[in-house]
Trainee: 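Please read through the structure below; I'll follow up with questions.
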Amino acid sequence: MRFYTAMTSIKTRLGKTHASISKALKDSDRKDQVLLLAVSKTKPADAVREAWHCGQKAFGENYVQEGVDKIHALNDLVGIEWHFIGPLQSNKSRPVAESFHWVHSVDRLKIARRLSEQRPEHLPPLNICLQVNIDNEASKSGLKPEEVMDVAAQVIELPNITLRGLMAIPAPSATKEQQSIPLRALKTLLTDLQTRYPDSQLDTLSMGMSDDMSTAIAEGSTIVRVGTAIFGSRDYFRSKQP
Ligand SMILES: *Cc1c(COP(=O)(O)O)cnc(C)c1O
């Protein structure tokens with residue numbers, strides 16, 4: 001087979017990322033695990049294939065058409081798991097409901113309803129997270145923190161999706177102390193949900209990217225979404241949908 005870059009490159013970067021995750025878990029006295037989601041947006045299918053050969057199984061995509069194309073191109077890869085993490089318009093929800101295993105970026109009830117309606121009967125329920133605009137930035141998508149309880153109460157009733165937890169993309173901040181504030185707020189929101197729904201599968205805090213991964217793990221992240229640190233910087237000029 002043909003590799004996208006020198007085999008060692010993605011392999012080395014993945015190894016370093018795993019080492020950082022282990023260190024962050026150890027430093028925060030956590031005995032549980034964190035799922036590494038390799039964010040492959042704008043990267044060719046061959047890069048994903050290469051990472052899969054290095055043992056990476058979970059991949060994150062931001063754009064519907066690009067993601068679906070890769071899922072089809074890579075349907076020979078056993079055990080691969082696809083997570084949709086980008087903004088989702090309701091008129092594009094069907095291919096996501098049909099092809100992905102997870103959606104992290106559900107930011108309104110309408111999208112959750114459509115995903116549930118459109119999830120094919122022969123597939124297990126789609127795992128979803130509610131995206132929260134945790135630092136209340138005007139420009140950003142996501143539910144307001146005070147909306148989460150009400151939306152969750154309705155989403156949890158939908159038949160073909162499983163509410164797994166919360167996701168956020170905090171604004172970049174300079175220090176670890178500043179990074180911690182929104183991450184801790186998201187954790188508190190998840191704890192509130194878990195208290196209200198003790199029998200649910202609410203086990204997921206999707207937070208932490210290349211730049212704030214260690215802080216996110218210290219604050220209880222269960223899925224870190226890492227692109228640049230694994231695949232290198234993104235070349236948006238070659239992407240169909242920047
Ligand atoms: C691109 C992206 C990431 C990965 O970002 P890096 O800084 O490259 O690690 C994570 N989460 C979301 C929602 C993204 O869009």
Side-chain angles (χ1 to χ4, degrees), residues 37-45 48 58-75 80-121 123-171 182 186 189 204-207 209 223 225-227 234-242:
L37 183 65
V39 178
S40 45
K41 64 177 178 226
T42 80
K43 300 294 172 183
V48 174
F59 294 88
E61 288 286 336
N62 284 60
Y63 311 108
V64 176
Q65 194 55 50
E66 181 189 335
V68 168
D69 287 349
K70 274 181 229 177
I71 292 171
H72 290 152
L74 298 167
N75 66 2
I80 199 164
E81 187 176 283
W82 293 98
H83 296 231
F84 190 81
I85 62 174
L88 186 51
Q89 293 163 5
S90 54
N91 63 352
K92 292 194 178 163
S93 59
R94 184 176 293 281
V96 172
E98 290 174 349
S99 301
F100 282 81
H101 302 89
W102 283 72
V103 179
H104 293 223
S105 44
V106 175
D107 61 358
R108 53 201 190 278
L109 184 60
K110 183 181 175 191
I111 295 282
R113 286 210 176 106
R114 288 180 71 96
L115 290 171
S116 181
E117 279 163 22
Q118 294 166 342
R119 182 70 168 170
E121 288 294 333
L123 294 177
L126 184 67
N127 295 296
I128 70 151
C129 293
L130 297 177
Q131 182 173 349
V132 186
N133 185 356
I134 196 68
D135 32 31
N136 270 315
E137 280 185 282
S139 61
K140 232 184 335 189
S141 51
L143 292 162
K144 295 192 184 108
E146 59 271 25
E147 295 171 330
V148 169
M149 279 293 173
D150 278 353
V151 174
Q154 301 183 70
V155 165
I156 230 160
E157 300 294 332
L158 296 171
N160 301 320
I161 61 180
T162 302
L163 181 60
R164 296 296 298 271
L166 302 176
M167 180 273 232
I169 313 171
L186 194 71
L189 267 180
T204 301
L205 261 185
S206 169
M207 62 187 197
M209 325 208 318
I223 302 183
R225 309 177 309 264
V226 180
R234 286 179 284 276
D235 180 357
Y236 280 105
F237 293 104
R238 291 171 55 194
S239 155
K240 275 171 266 166
Q241 295 159 290

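Computed from heavy atoms alone, side chains included, the values below leave out hydrogens, waters and symmetry copies.
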Trainee: List for me each residue that meets side-chain hydrogen bond (donor to acceptor under 3.5 Å, both in side chains) alongside Gln131, sequence neighbours excluded, and say none if there are none.
Mentor: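 Per chain and number, Gln131 pairs via side-chain hydrogen bond (donor to acceptor under 3.5 Å, both in side chains) with no residue.
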Trainee: Decide yes or no on side chain to side chain contact (heavy atoms under 4.5 Å, CB included) for Leu115 and Val106, but give the supporting numbers first.
Mentor: CA-CA 9 Å; Leu115 290 171; Val106 175; 3.9 Å; yes
Trainee: Measure the shortest side-chain to side-chain distance between Ser105 and Phe84 over non-hydrogen atoms and say whether it is less than 4.5 angstrom.
Mentor: yes
Trainee: Quick one: pull up CG in Leu205 and SG in Cys129 and give me the separation to the nearest 0.5 Å.
Mentor: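 It is 8.5 Å, given to the nearest 0.5 Å.
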Trainee: I need the minimum non-hydrogen distance between Ile85 and Met167, along with the two atoms involved.
Mentor: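 Smallest heavy-atom distance, with atoms named: O-CE, 3.8 Å.
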Trainee: Report yes if some heavy atom in the side chain of Trp82 is under 4.5 Å from a heavy atom in the side chain of Val48; otherwise report no.
Mentor: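 A side-chain contact under 4.5 Å exists here.
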Trainee: Quick one, Ile128 and Thr162 - any side-chain contact, counting heavy atoms below 4.5 Å?
Mentor: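 No, every pair of side-chain atoms sits at 4.5 Å or beyond.
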Trainee: Quick one: which residue pairs count as a side chain to side chain donor-acceptor pair (under 3.5 Å) with a foot in residues 144-159, not counting sequence neighbours?
Mentor: none
Trainee: Would you mind reporting whether Thr204 and Ile223 have side-chain heavy atoms less than 4.5 Å apart?
Mentor: yes
Trainee: Do the non-hydrogen side-chain atoms of Arg234 and Lys43 ever get within less than 4.5 Å of each other?
Mentor: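 Yes, their side chains come closer than 4.5 Å.
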Trainee: Residues in side chain to side chain contact (heavy atoms under 4.5 Å, CB included) with Ala58, at least two apart?
Mentor: Leu35, Leu37, Gln56, Glu81, His83
Trainee: Taking salt bridge (charged side-chain N to carboxylate O under 4.0 Å, His left out) as the definition, give me every residue that meets it alongside Arg164, ordered by chain and number, with sequence neighbours left out.
Mentor: Asp203
Trainee: Residues two or more places apart in sequence or in another chain: which of them pass salt bridge (charged side-chain N to carboxylate O under 4.0 Å, His left out) with Asp135?
Mentor: Lys140
Trainee: Given 3.5 Å as the limit, does a donor-acceptor pair link the side chain of Lys70 with the main chain of Ser40, or not?
Mentor: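 The answer is yes, because a donor-acceptor pair under 3.5 Å joins these two groups.
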Trainee: Got a sec, which residues hit side chain to side chain contact (heavy atoms under 4.5 Å, CB included) with Val151, two or more places apart in sequence or on another chain?
Mentor: Leu130, Leu143, Val155
Trainee: Identify, with sequence neighbours excluded, every residue that meets side chain to side chain contact (heavy atoms under 4.5 Å, CB included) alongside Pro159.
Mentor: Ser116
Trainee: Which residues satisfy the side chain to side chain contact (heavy atoms under 4.5 Å, CB included) test with Pro95, sequence neighbours excluded?
Mentor: Val64, Val68
Trainee: Taking atom OG1 of Thr42 and atom CD of Glu66, what is their separation to the nearest 0.5 Å?
Mentor: 6.5 Å
Trainee: Mind listing the closest non-hydrogen atom pair of His72 and Ser99 along with its distance?
Mentor: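 Between these two residues, the closest heavy atoms are NE2-OG, 4.4 Å.
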Trainee: How long is the straight-line distance from CZ of Phe59 back to CD1 of Ile80, given to the nearest 0.5 Å?
Mentor: 5.0 Å
Trainee: Does any non-hydrogen side-chain atom of Asn133 lie less than 4.5 Å from one of Ile169?
Mentor: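 No. Closest side-chain heavy atoms not under 4.5 Å.
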Trainee: Within this structure, what is the CZ-OG distance for the pair Arg119 and Ser93, rounded to the nearest 0.5 Å?
Mentor: 12.5 Å
Trainee: Any salt bridge (charged side-chain N to carboxylate O under 4.0 Å, His left out) pairs touching residues 102-114, not counting sequence neighbours?
Mentor: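 Matches after skipping sequence neighbours: none remain.
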Trainee: Under 4.5 Å between any side-chain heavy atoms of Asn127 and Ile161, yes or no?
Mentor: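 The answer is no; the side chains never approach within 4.5 Å.
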Trainee: I'd like to check the side-chain hydrogen bond (donor to acceptor under 3.5 Å, both in side chains) partners of Ser206; sequence neighbours left out, ordered by chain and number.
Mentor: His104, Arg225
Trainee: Just verifying a value: how many Å separate Leu166 CG and Leu186 CG, rounded to the nearest 0.5 Å?
Mentor: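 These two atoms lie 5.0 Å from each other.
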Trainee: So do Phe100 and Ile71 actually touch side chain to side chain, heavy atoms under 4.5 Å?
Mentor: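 Yes. Closest side-chain heavy atoms under 4.5 Å.
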Trainee: Specify the closest pair of heavy atoms between Ala97 and Leu126, including all atoms of both residues, with the distance to one decimal.
Mentor: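 Reported closest heavy-atom pair: CA-CD2, 4.4 Å.
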